[in-house]
Each structure stands twice: as structure tokens, then as C-alpha cells.
Amino acid sequence: MVSSGLGKDFFDRSVLDVAKDMLGVSICCRQSDGKITRMIICETEAYDGEEDLACHASKGKTSRNQVMYGASGVIYIYLCYGMHWLLNIVCREKGYPAAVLLRGTTEVSGPGRLTKRLGIDGALNQKVASCENGLWFEDNRSGEIVIETGPRIGVDYAGKYWAEKPYRFWFSKPKSGA
DNA sequence: ACCGTGATTGAG
DNA sequence: TCAATCACGGTT
């Protein structure tokens, strides 16, 4: 059960809770040579519904973002600025567009660098995050972490209200003595 | 601070 | 059709 990775139920919740709960979780990726890369997620962002003007779904369903309207636990990966693949996991129930953007791990800073390190691209879009698809999440968390929050990166276009929402989550150091 | 780079989008 | 936009990153 544990080794099968986090699934639909984990992601079928408030996207803010999921974004926070993914901190400290391991992202696991099977490379073409069969080796498995594992990294600890340390930074995420939440994108929550059509009313969130920073969310891709803020203008309704399109061919690009329709995956966000589907089942939770599915991978949403798209090309940004013509160069960077950005990895998201769909959250909430079918019909409600929401996703968590994975921005960084303890080894890699930056959402584009993360996918580059994992060696993944748009081929994974709309696939279920699972072992058989080569990308999954394992909750190996132990001990407490100190979670910090702040505004999301690069969303000034969304207007003051949404740009300033503390929808970015990260952790820096373990709680001492825990 | 500035620019490379290309899919997506909405306007025309 | 087409130009403006953009959840970035590497370099000045």
C-alpha cells in the first residue's frame, strides 16, 4: 500500500491542503535506463479553481487546461515560455479545476529545472501519477517540518488580490527536537 | 534587467 | 491568420 504511492484520494482534497501536505513527500521517477530518481519536495504552489485569476482555468476550460477539470492524481504538465516543462498534479473532484505546481526539491530549485532533472516532458500529460507510468509520489515523511507560506511566483498579471494570496508553500529546516 | 523561446489564446 | 501573453532560467 505504501509503496504504491499517493493516489486519487490523497489529491481529492482542498488544493491548499494537498500543496502543504506534499512538502516532504518523495517524488519518484523511473528513468529510461530503469534507475529510479527520488527527491524530497520542498516547494509547491496551489492553483484553485476558475475564480483564481492566476490559475490556468480562470478563463474556463480549454484544450490545454481541460486535464485540470478531470480526476485527481493525474499529471498536468505543460511547456512554459517555450522552454520549461512545468509539472502539476490535479486535485479536487472531477469538474473542479485545481492543481498543485511542483516548484522544487531539496536538490533542485525551480520548476523547470525539476522536470529537466527528472527527464520528463509533455509525454506524461494526462497520465495518472503511478509506478506503472514512471512517475509517482511516496510519503516517506518522518518528523516535523517548519512550513512557510507566501505569494506565488510570476503571477502579477492575476491582479493584486490573487497575486498576493499565500498559495506558495515551502519548508526550510526540520523542527529541532521533534 | 533583459532576453531566448514556442505553445496557447483570443481577437480579427 | 496573427500578435500578445506567459506558473522560467541563464546571463548581463
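Proteins come first, then strands; the chains are lettered A, B, ... in the order of their sequence lines, and each starts at number 1.
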Next item on the list: Measure the spacing between OH of A:Y47 and CG of A:L53 and express it to the nearest 0.5 Å.
Entry: 12.5 Å

Notebook entry, point to check: Cluster question for you: counting only ILVMFWY and a side-chain heavy-atom cut-off of under 4.5 Å, with indirect links fine, are A:I153 and A:L86 together?
Noted result: no

Check: With a 4.5 Å limit on heavy-atom distance, are the side chains of A:Q126 and A:I75 in contact?
Finding: no

Margin query: Against the six-membered ring of A:Y78, is A:R64 placed for a cation-pi contact (under 6.0 Å from the centre, within 45° of the normal)?
Written below: yes

Notebook entry, point to check: What distance separates A:S58 OG from A:D48 CG, expressed to the nearest 0.5 Å?
Noted result: 12.5 Å

Notebook entry, point to check: Among residues 49-66 of chain A, which residues get a heavy atom nearer than 4.0 Å to DNA chain C?
Noted result: A:A54, A:H56

Check: Given atom NE2 of A:H84 and atom P of B:dT5, what is their separation to the nearest angstrom?
Finding: 11 Å

Note to self: Using a 3.5 Å distance criterion without hydrogens, assess whether the side chain of A:D12 forms a donor-acceptor pair with backbone atoms of A:E93.
What the structure shows: yes

Check: Can you give the dot-bracket line for DNA chain B, where a pair is Watson-Crick or G-U wobble with both atom distances under 3.5 Å, crossing pairs use [ ], and | marks a partner on another strand?
Finding: ||||.||||||.

Check: Where along residues 110-122 of chain A does a heavy atom come under 4.0 Å from DNA chain C, residue by residue in number order?
Finding: A:G110, A:P111, A:G112, A:R113

Check: Atom CG of A:D156 and atom P of C:dT5: how far apart are they, to the nearest Å?
Finding: 14 Å

Checklist line | Given A:K165, A:R103, A:K20, the one that forms salt bridge (Lys or Arg N to Asp or Glu O under 4.0 Å) with A:E45 | finding: A:R103

Item checked: Positive for side-chain contact (heavy atoms from CB on, under 4.5 Å) with A:N125, one of A:L79, A:I77, A:N88, A:L87 -> A:I77

Item checked: Interatomic spacing from CG in A:L102 to CD1 in A:I27 - rounded to 0.5 Å -> 5.5 Å

Notebook entry, point to check: Rounding to a whole Å, what distance do you find between A:L86:CG and B:dA7:P?
Noted result: 15 Å

Item checked: Nearest-Å distance for atom pair OH/C1', residues A:Y78 and B:dT8 -> 12 Å

Item checked: For atom CD1 of A:I77 and atom P of C:dC8, their distance in whole Å -> 14 Å

Notebook entry, point to check: Do A:I40 and A:L23 belong to the same hydrophobic cluster, where Ile, Leu, Val, Met, Phe, Trp and Tyr are linked whenever their side-chain heavy atoms lie under 4.5 Å apart, directly or via other members?
Noted result: yes

Check: Nearest-Å distance, CH2 (A:W85) to P (B:dA7)?
Finding: 8 Å

Note to self: Could you check whether any side-chain N or O of A:T115 sits under 3.5 Å from a backbone N or O of A:I120, counting only pairs where one atom can act as donor and the other as acceptor?
What the structure shows: no

Checklist line | Between C1' of C:dC8 and CD1 of A:I153, the distance in whole Å | finding: 11 Å

